[in-house]
Amino acid sequence: MPELPDLQVFSRNLTKTLKGKTLERIGLDITPKSGLSEKELSKTLSGKKLHAVARVGKQLCFDFGNDAQLFMHLMLHGKLVLQDKENERPKNVIASLELSDKALYLTDFQKAAHLTLNPPPSGAVDALSDDLTPKWLVEKLRGSRAKIKSLLMDQKVIAGIGNAYADEILWEARIAPESIAGKIPENAVKGLAKAIHHVLTDAEKQILKGHPDLIAGEVRDFLQVHQAHKEKSPTGSKILHATVGGRKTYYTDEQELYH
DNA sequence: GTGCGTGTTAAACT
DNA sequence: CAGTTTAACACGCA
């Protein structure tokens, strides 16, 4: 399952490859729960030029101009396949976009990946947005009784952080995942805001370095603590395992528990 | 064969 | 009521 830094790299590479191309045809093989139809997609997007592909939260936004933004959520197993138009179509296709000489397929054996057209803004602050300032985060956590890891992964609060990077960010900030959000002192919260930005942008750089043309899959071999078989953090502490918010969590006793 | 792992959603809980 | 937690979903893979 690709996470935010992977999606960031995908969006870069898709923009590089597809920018300026005209959408000639769009096909829907699975009707999404939203009821969005192939007809409506076609009516709104056909003939339009792709301006750019951006990452918004955990989604990719294909921007064809005003009121023509196609959002794509990969969910757990969604995969993009980009090939020349004449090649054979891949398996488990959810949707297909023909952009001049290229065909872009969204595939998912589990059929959970989906598209939406011009969705209303979610109200959450994107994890890499400039609006996610230390001050904003201090405000957001004030009075919250939720565990900090759950709150970081709450897409209605901050958009884009998944299970693996939540662990990485909390380790970087030296805050225990089960800490109660509202009990974390202001200084530590400010450090957390910096850790969010640092961990995510650094991960993007690492992925780009090793996999410059990536548009599918995920790379996380550089993660510091969220790795099933890793025994010690970079600073030599034993990596501990727990379940927080119903999710597998990796942490160390270097991280302070506030409660 | 068995159970893990993950994002979202709806339902349950406090 | 609003905020928070939990379980269910689907299924390839270790």
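Note on naming: letters A, B, ... go to the chains in the order of the sequence lines (proteins, then strands), and numbering restarts at 1 for each one.
Heavy atoms of A:R145 sit under 4.0 angstrom from primed sugar atoms or phosphate atoms, though from no base atom. When heavy atoms are screened at a 4.0 angstrom cut-off, A:G245 is found touching no nucleic acid atom at all.
Closest approach to the A:F109 side chain among B:dT6, C:dG12, C:dT5 is made by C:dG12 (side chain taken as heavy atoms from C-beta onward). Here the nucleotide nearest the side chain of A:H226, chosen from B:dT6, C:dG12, C:dT5, is B:dT6. Between C:dT5, B:dG7, B:dG5, one nucleotide has an atom nearer to the side chain of A:K147 than all others, and that is C:dT5. Proximity note for A:S150 (side chain, C-beta onward) versus B:dT8, B:dT6, C:dT5: the nearest is C:dT5.
Among A:L14, A:D6, A:V9, A:L7, the single residue meeting the side-chain contact (heavy atoms from CB on, under 4.5 Å) criterion with A:R55 is A:L7. Screening A:K190, A:E186, A:E139 against A:P134 for a side-chain contact (heavy atoms from CB on, under 4.5 Å) leaves a single residue, A:K190.
Rounding to whole angstrom units, NZ of residue A:K79 and P of C:dC13 are separated by 9 Å. Here the C1' atom of nucleotide C:dT4 and the CG atom of A:D154 are 9 Å apart, to the nearest Å. Taking atom CG on A:L152 and atom C1' on C:dT4, their separation rounds to 15 Å, with Å as the unit. Between the P atom of B:dG5 and the CE atom of A:M75 lies a distance of 19 Å, rounded to the nearest Å. The distance between atom NE2 of A:H77 and atom P of C:dC11, rounded to the nearest whole Å, is 9 Å. Note: NE2 (A:H229) to C1' (C:dC13) measures 12 Å, nearest angstrom. A:M153 has its CE atom 12 Å from the C1' atom of C:dT5, to the nearest Å. Summarising the geometry, the separation between CD on A:Q227 and P on B:dT6 is reported as 12 Å, rounded to the nearest angstrom.
Of the two residues near DNA chain C, A:G143 and A:R247, the one whose nearest nucleotide lies more 5' is A:G143. With DNA chain C read from its 5' end, the first of the two nearest nucleotides for A:S144 and A:Q110 is the one closest to A:S144. Both A:H114 and A:L76 lie near DNA chain B, and the one whose nearest nucleotide falls closer to the 5' end is A:L76.
In this structure, A:K58 reaches the B:dT8 phosphate: one of its side-chain N or O atoms is under 4.0 Å from OP1 or OP2. Phosphate contact (OP1/OP2 of B:dT8, side-chain N/O of A:H73, threshold under 4.0 Å): present.
Not one N or O on the side chain of A:D84 forms a donor-acceptor pair closer than 3.5 Å with the backbone of A:E86.
A:L115 and A:V56 are not part of a single hydrophobic cluster, where members link through side-chain heavy atoms under 4.5 Å apart.
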For ring pair (Phe, Tyr, Trp, His ring centres under 6.0 Å), just list the numbers for A:F64 and A:H51, CA-CA rounded to whole Å, side-chain angles, deciding distance to a tenth of an Å, and then say yes or no. CA-CA 6 Å; A:F64 290 95; A:H51 296 191; 7.8 Å; no

